[in-house]
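Just so it is clear: chains get the letters A, B, ... in the order the sequence lines come, proteins before strands, and each one is counted from 1.
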Amino acid sequence: MTGLVGYASYLPRYRLAGVDIGLRRGDRVVAAFDEDSTTMAVAASADIPGVRAAAALYFATSTPAYADKTNATAIHAALGLPADCLAVDFCGSGRSGFAALLAAANTGGLAVSADVRVGRPGSADEKLGGDGGAALLFGGAGPAIAEVIATASLTAEFLDRWRATTSVTGEQWEERFGTERYAALIRAAVERVLDTAGLPGADHVVLTCPNSGIVKRAATLVKGEKSVVTSPIGFSGACDAALALCSVLDIADAGQTILVLSAVDGCDAMLLRTTTALPKARQPRPVTAQRAGGLPVAHLTYLSWRGLVELEPPRRPEPDRASGPAAGRSTPWKFGLSGSRCDACGFVHLPPARVCKGCGATDRMSVIPVAGLRGTVATHTVDYLAYSPSPPVVQAVVDVTGGGRFTCEVADAEPERIHVGSTVGFTFRRLSTAGHVHNYFWKARLDGKRDG
Amino acid sequence: MASKGIAGKVAVVAMGCSRFGERWDSSADDLLVEAVTECMTSVPKLDRDDIDAYWLGTLSSGMSGLTLSRPLGIGDKPVTRVENMCASGSEAFRNACYAVASGAYDVAMAVGVEKLKDSGFSGLLRQDPPGDGTAAELSMTAPAAFSLLDPAYCAKYGVHAEQMRDAMTHVAWKNHANGAHNPKAQFRSPVAKETIDKAPKVAGRLGVFDCSGVSDGAACAIIVPAEHARDYAETPMYVRALSLVAGSGRGAMDPGYDYTSFPEVVRSARDAYQQAGIDDPRTAFSLAEVHDCFTPTEIVLMEDLGFTDPGQSWKDVLAGDFDADGRLPINPDGGLKSFGHPVGASGLRMLYEAWLQFRGEAGQRQLPDPHTALTHNLGGRPGSCVSFVSVVSGEASY
């Protein structure tokens with residue numbers, strides 16, 4: 001097995017107030033209207049240095065944006081991975097997230113998982129779930145921050161949680177039934193993986209499970225010398241285990257063992273040992289920092305984002321679906337946010353152009369990737385008239401550091417904080433959906449203290 | 001290579017303009033008939049068979065010359081539909097003028113029409129070819145695109161947001177006051193400044209009164225060689241300059257562009273002034289009809305057209321320089337703001353006001369002894385637009 005060389009998590013910025021959904025305290029992490037499992041996978045992956053060297057891309061989700069079309073290819077394009085890098089989906093359940101992890105550990109590559117967990121208004125799923133993404137990079141250049149010592153998998157068929165393929169919200173049997181089954185599976189998996197490793201126990205235990213009875217009892221089910229953690233945001237589907245692992249990698253010391261237990265339709269276990277490289281290779285913003293703060297979203301607005309209520313739209317036509325061939329020709333721009341820079345005079349074109357607007361030179365262009373750069377707001381507006389899945393649309397003209405300008409939407413916008421000169425980064429989002437075609441493109445995202 | 005223009009070569013001998021507004025009772029065909037009938041009635045020495053060729057400007061109310069030939073029953077004459085976004089009416093006029101100046105035709109008609117209010121949607125609709133879905137225009141409406149001027153202008157010139165708001169309000173107030181005297185305007189009531197300030201927001205700081213009226217309408221003009229003009233009309237309107245600039249879209253990509261000006265307008269104005277031999281645009285005109293699609297547009301245009309210095313327009317606006325009784329009346333007919341903006345008709349509607357003013361037929365809006373007018377028509381948005389400028393005079397030798 002290859003070693004883990006990098007990791008990063010992504011938590012969206014919006015929060016549902018606990019009081020709106022029946023939580024006694026706190027709030028729930030929710031993806032914005034323009035986020036889906038694909039965009040959050042991009043956001044998590046892009047924070048790993050060296051991700052472009054990934055040998056393969058394994059994308060896991062229980063809420064794929066498309067069926068019958070690989071979603072990992074959009075992530076592949078947004079990350080600017082080479083054409084000869086395998087990119088595949090592991091669609092299904094929380095178990096798919098662990099499968100991606102295993103595959104990446106086996107072959108080297110990126111295991112990225114993301115989910116948008118939706119519950120019916122008033123349900124436990126609405127209250128106890130969370131949306132997010134997590135990416136773990138195995139193999140390749142750079143020192144390992146953790147080595148895989150042992151793995152184990154137990155499979156069991158029983159009905160604890162399910163969702164119709166046509167439904168956005170899921171169902172659960174009486175919780176105690178699943179709790180009992182999972183408790184036994186977890187104990188057996190722990191025994192097996194520790195046996196294989198020849199260890200009496202682990203320093204840190206990560207235990208995730210869609211059954212909240214298990215989550216409540218985690219610390220009594222499995223002992224960890226240093227910590228026992230569960231999902232940092234509530235059950236987050238395919239990324240639940242990876243996200244919890246990220247939160248432990250944020251704090252674990254070198255030379256410690258981490259036992260990852262993902263109990264979904266069985267129980268999967270992966271035992272890792274951190275190396276001395278970990279403390280210097282932690283993700284830029286730990287999970288706890290990403291979890292703190294955030295922007296409130298009204299419950300009704302949130303329900304409209306998930307299609308559970310329909311709000312009155314502006315009196316404007318819905319957009320046409322993006323053209324497949326046109327999008328195909330512009331993949332480096334649309335998915336990768338790459339422009340062209342004139343070799344003759346240096347003028348940067350966003351989107352790329354063949355004839356230079358600065359000097360008129362034709363076909364003398366080099367590719368210039370912009371997605372990882374920052375920008376400054378030249379001017380901005382709030383469009384109350386434009387069609388949007390969540391009006392109003394906030395827009396800015398952004399001057400890219402190092403050259404180039406383009407106009408785009410502002411994601412997770414707080415219009416009152418935007419002014420001429422504000423600094424922004426770029427984030428991959430879904431602008432809209434028409435004719436069942438998702439229109440992915442990049443938006444600007446304001447820097448600031450309220451980062452989610 | 002040079003833009004030589006056709007100064008002195010052609011003249012307008014008749015015009016027509018429909019009533020603008022939400023014309024629920026009228027189709028594009030009806031609007032065309034209304035404008036053309038007025039036009040033909042005003043020039044008894046010409047009848048329809050005398051018109052040798054037609055140019056029709058429309059953004060979205062029909063395709064091809066058939067959009068005009070069918071409702072008017074024109075048979076066997078050349079009819080060309082042109083489109084240059086909101087400058088389509090001016091483009092029809094420009095092409096018709098060139099056709100006559102070239103000697104190819106003795107009499108040409110330029111027509112513009114737009115039927116916007118059948119769509120059921122607010123504002124203008126776009127008809128984009130299939131694309132990759134990334135164009136900013138797709139998710140940014142026209143008011144939003146032009147509202148970008150406001151914060152950029154304030155930041156560049158150190159204008160306080162409230163001062164800019166007052167200037168924008170003044171533009172809307174002035175154009176509504178002018179339009180109140182125009183029986184063909186969409187909006188015919190003065191609007192209090194407080195009402196303008198407190199209007200619901202459309203984009204950025206633009207409220208509904210900062211936006212031009214979405215309107216149905218048509219307008220037209222008959223163009224003949226200048227030397228024959230007085231055979232048909234006692235007071236023809238002479239064309240001294242026609243300029244059109246289509247930008248490369250550089251501003252939308254160039255951090256050097258600051259969203260406080262339309263370089264395309266500056267270039268088209270310079271070209272037009274050179275064609276017409278105008279040295280000082282501040283004193284050359286009796287009136288100007290400019291593309292006040294949104295209030296900050298008119299503020300910026302005053303600078304781009306050379307009517308005031310950069311950074312100075314908002315002060316001149318507030319000082320009343322461009323009011324009907326100011327040093328240079330801007331949009332005395334109410335402009336796009338109050339007359340309404342049936343896209344393809346607007347460029348010809350601007351010329352129609354100059355036509356009425358020169359003939360002394362502008363009623364309550366009549367200016368004392370007008371001699372020269374500028375019309376300015378814009379299509380697109382800041383950073384990427386087409387700009388048209390014409391200079392017309394009431395006298396051949398002016």
- Spacing of CG belonging to D118(B) relative to CG belonging to D216(B), to within rounding of 0.5 Å: 6.5 Å

Where does [X] contact chain B at under 4.5 Å (heavy atoms): side chain, backbone, both or neither?
X       : answer
F441(A) : side chain
P351(A) : both
W333(A) : side chain

Heavy atoms only, distances under 4.5 angstrom: which of [options] has the most pairs with chain B? Name it, please.
options                            : result
N439(A), T331(A), V355(A)          : N439(A)
D399(A), D383(A), V382(A), V398(A) : D383(A)
P319(A), A434(A), S323(A)          : S323(A)
V397(A), V420(A), L431(A)          : V397(A)
V348(A), V437(A), L350(A), V394(A) : L350(A)
K334(A), R316(A), Q395(A)          : R316(A)

- Message: Tell me which one of T308(B), D316(B), D309(B) satisfies side-chain hydrogen bond (donor to acceptor under 3.5 Å, both in side chains) with Q312(B).
- Response: D316(B)

Plane angle bin for [Y] and [X] - parallel if under 30°, tilted between 30 and 60°, otherwise perpendicular:
X       : Y       : answer
W305(A) : F33(A)  : tilted
F428(A) : Y440(A) : parallel
F209(B) : H176(B) : perpendicular

Find the one option among [options] whose heavy-atom pairs under 4.5 Å with chain A are most numerous.
options                   : result
G256(B), P129(B), A252(B) : A252(B)
A152(B), S139(B), A136(B) : S139(B)
S147(B), P130(B), G131(B) : G131(B)

- Passes side-chain hydrogen bond (donor to acceptor under 3.5 Å, both in side chains), T70(A) versus D89(A)? Steps please. CA-CA 6 Å; T70(A) 303; D89(A) 292 349; 4.8 Å; no

Which atoms of [X] come close to chain A, meaning under 4.5 Å heavy atom to heavy atom: side chain ones, backbone ones, both, or neither?
X       : answer
A155(B) : side chain
P151(B) : both
L138(B) : neither

- CZ of R321(A): more than 12 outside heavy atoms within 6.0 angstrom? no

- Ring centres of H380(A) and H419(A) under 6.0 Å apart? no

- Any sub-3.5 Å donor-acceptor pair from E114(B)'s side-chain atoms to L59(B)'s backbone N or O? yes

- Would V343(B) and L124(B) satisfy side chain to side chain contact (heavy atoms under 4.5 Å, CB included), going step by step from the backbone distance to the final call? CA-CA 9 Å; V343(B) 179; L124(B) 283 181; 3.3 Å; yes

